[in-house]
Amino acid sequence: MSSITTLALPKKALIAMGLGSTDMIHYQLSPEELTEQTLHRREGVLNDTGALVINTGEFTGRCPNEKFTVMDTLTESTINWNEFNIPIEPIYFEQVYDKMMDYFSDREIWIRDCYACADKKYRVKIRVLNENPWSNLFAYNMFIRPEEHELENFEPDWQIIQAPNFKADPKVDGTHQHNFIMVSFSKRTILIGGTGYTGEMKKGIFSILNYILPHDKSVLSMHCSANVGEKDDTAIFFGLSGTGKTTLSADPKRYLIGDDEHGWTANNIFNFEGGCYAKVINLREEQEPEIYNAIRSGALVENVCFYEDSFTIDFSNKDITENTRVSYPLDYISNAIEPSIANTPKSIFFLTCDAYGVFPPISKLTPQQAMYQFISGYTAKVAGTETGIKEPKSTFSACFGAPFLPLHPAFYANMLGKKIQEHNVNVWMINTGWSGGPYGTGKRMKLDYTRAMITAALEEKLTNVSFEEHPVFGMMIPMQCPGVPAEILNPRNTWNDKDAYDKMAKNLAQQFIKNFEKYSGGVSNEILSAAPKV
Ligand code: ATP
Ligand code: MN
């Protein structure tokens, strides 16, 4: 084990937080110490490759319906109040804040100072307070790790106060139930209680950055992964949960920038985070070696089961959840570059996991189609990341990230549209979902084929092939692609029953049109003309 240096949080800061007794406070512990303490508290075990395996408890996914945003003079007219931006009165926030600080006053507490945003110009200083060591290890893995000398005068911009065992009382605290996320932009604090799902911390910060960066700094914030090749040809991959952002950004031939959250400035893109949070369901070394090999000492694995009488993870086991995860620092991926900053993207990929088997596995979008698809944000959610979803189900989620967007989708869409035009960016639609029929009949696209299609697009191997237009959705489908059998490129060819395909395509098109009705007033005719034709 590495030598342990004990850093102390300035007394001043503790008093300001209302935490008097220093002996209960663990400040800025190393991953080794946090792992050791978790084992000692019997809150986790090591798997056979040395990673810490824990169980997040009652919740194994995010609860977007339990996230509240304080409505006050700062937010009242700027936040797009909807089912994901649920208003709560300041008085409830104050009350729950006081209760949580009181809760922590006689408990051990783990505190970590860290950053979000790799580009120093946009850096946000974060202080995380946790009630257990493994939640704090998650913060170490996922946020950007400051140098020791940067801690001396660390004045946090934002705080996360997270206590899985602290339960709200919905009768008096303004919540729906015992678990909650409460965000106050005025107090610059995120409260998380009643849930141990670590992902709430990273997506909490993502949500506030989705306000601060576009609204105050003119930086487009994006729910996307990013990587860059030898030729500085940055690519970004938008997509909802389970569509392949993390999997497809870990590409041995390219340098990883980040797997989930990025900003796009006038001159670059940058990662918000310092780590990756990968799904591990059915993980296989041959298919995803970078992620598989990141599961080692320092990594935090959540909600997996072991093979009997062993500490070998059974990645196929869904007994606890399908949403099994691992978090690890970016440098656990050997070709990640730090700082995680890259040039303006040359290519954008929209990832969808189409459970209907209608979308082509790869197709080219016009700028107008790109805007239409971005605003629509179509996918079929794959089981488990959100509580209550066990079957694939089609979803439209604006900008491929509606639960994390405090502002109106048009705000982000307009910024992206301008950037696509200005930089002449190629936009591709990738269906990582079903082929040969819908969920139940068809099969999910082979990962190797999806990778080959993305490589072909990036290496400009699809510039001189012929394309055919999709009769309903209008995207252009390449007729050949290196490394991929030509007969799977047009989805209709993969269905035995062609009438069934046509019907399904029409049905999906109707769902798109119905979903888009709510935006029709606010978008240009050009974008509206990119709607599917029924
Ligand atoms: P989140 O936002 O929740 O982190 P994500 O977009 O990063 O989601 P991934 O973690 O990349 O999603 O999950 C994609 C999952 O789908 C992985 O488990 C991967 O193995 C699996 N998969 C199967 N087939 C494909 C395919 N053709 N392309 C991409 N991923 C595939
Ligand atoms: Mn991911």
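Remember, it's 1-based here, ligands and their atoms both numbered in the order they're listed. In this chain, numbering begins with 1 at the start of the sequence shown. When reading the values below, keep in mind they use all heavy atoms of this one structure, side chains included, and skip hydrogens, waters and symmetry mates.
- Polar contact check, G242 against ligand 1: a nitrogen or oxygen pair lies under 3.5 Å apart.
- In this pair, F238 and F374 present their aromatic rings perpendicular. The plane angle is above 60°, beyond the 30 to 60° band.
- Note on ring orientation: taking the six-membered ring where Trp is involved, the planes of F359 and Y378 are tilted (angle from 30° to 60°).
- In this structure, R325 has a heavy atom closer than 4.0 Å to ligand 1.
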_CA sep, side-chain torsions, deciding dist, call: Q511, N507, side-chain hydrogen bond (donor to acceptor under 3.5 Å, both in side chains)_ = CA-CA 6 Å; Q511 292 189 48; N507 172 299; 3.0 Å; yes
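- In this structure, L240 is part of the shell of residues with a heavy atom less than 4.0 angstrom from ligand 1.
- The T247 neighbourhood of ligand 1 comprises atoms 9 (P), 11 (O), 13 (O), 14 (C), 17 (C), 19 (C), with distances under 4.0 Å to a heavy atom of that residue.
- Close contacts between ligand 1 and S241 involve ligand atoms 1 (P), 2 (O), 3 (O), 8 (O) [criterion: under 4.0 Å to a heavy atom].
- Close approach of ligand 1 to K279 is summarised as follows: ligand atoms under 4.0 Å from at least one heavy atom of the residue are 3 (O), 8 (O), 10 (O), 13 (O).
- Checked by distance only, ligand 1 and K245 come closer than 3.5 Å through their nitrogen or oxygen atoms.
- We find the CD1-CG distance between I295 and L283 to be 5.5 Å, quoted to the nearest 0.5 Å.
- Close N/O approach between L248 and ligand 1 is not found [any backbone or side-chain N/O within under 3.5 Å].
- Not a single heavy atom of Q287 sits closer than 4.0 Å to an atom of ligand 1.
- Ranked by closest heavy atom to atom 29 (C) of ligand 1, the top entry among T246, L447, I454 is L447.
- Donor-acceptor pairing under 3.5 Å is lacking for the side chains of E290 and Y332.
- Residue contacts with ligand 1 include E288, since one of its heavy atoms falls under 4.0 Å from the ligand.
- Within the listing of ligand 1, atoms 2 (O) sit less than 4.0 angstrom from a heavy atom of D260.
- Between the CH2 atom in W134 and the CG atom in L52 there is a gap of 9.5 Å [rounded to 0.5 Å].
- Shown in contact with K446 at under 4.0 Å from a heavy atom are these atoms of ligand 1, numbered in order with element: 27 (N).
- Using bins of under 30°, 30° to 60° and over 60° for the plane-to-plane angle, the ring pair F512/F473 lands in the perpendicular bin.
- Ring planes of F206 and F272: tilted class, angle from 30 to 60°.
- Dense packing is recorded around NZ of K419, with more than 12 heavy atoms of other residues, nucleotides or ligands lying under 6.0 Å away.
- Electrostatic pairing of D502 and R492 counts as a salt bridge here, judged by a charged N lying under 4.0 Å from a carboxylate O.
- Residue contacts with ligand 1, taken as heavy atom pairs separated by less than 4.0 Å, involve R444 solely via side-chain atoms from C-beta onward.
- Set against the non-hydrogen atoms of T243, the atoms of ligand 1 under 4.0 Å away are 6 (O), 12 (O).
- Once rounded to the nearest 0.5 Å, the distance linking CG of N496 with NZ of K498 reads 7.0 Å.
- Checked by distance only, ligand 1 and M445 come closer than 3.5 Å through their nitrogen or oxygen atoms.
- Residue S225 does not count as close to the Mn ion (ligand 2), with no N, O or S atom under 2.8 Å.
- Looking at K203 next to ligand 1, no N or O pair under 3.5 Å apart turns up.
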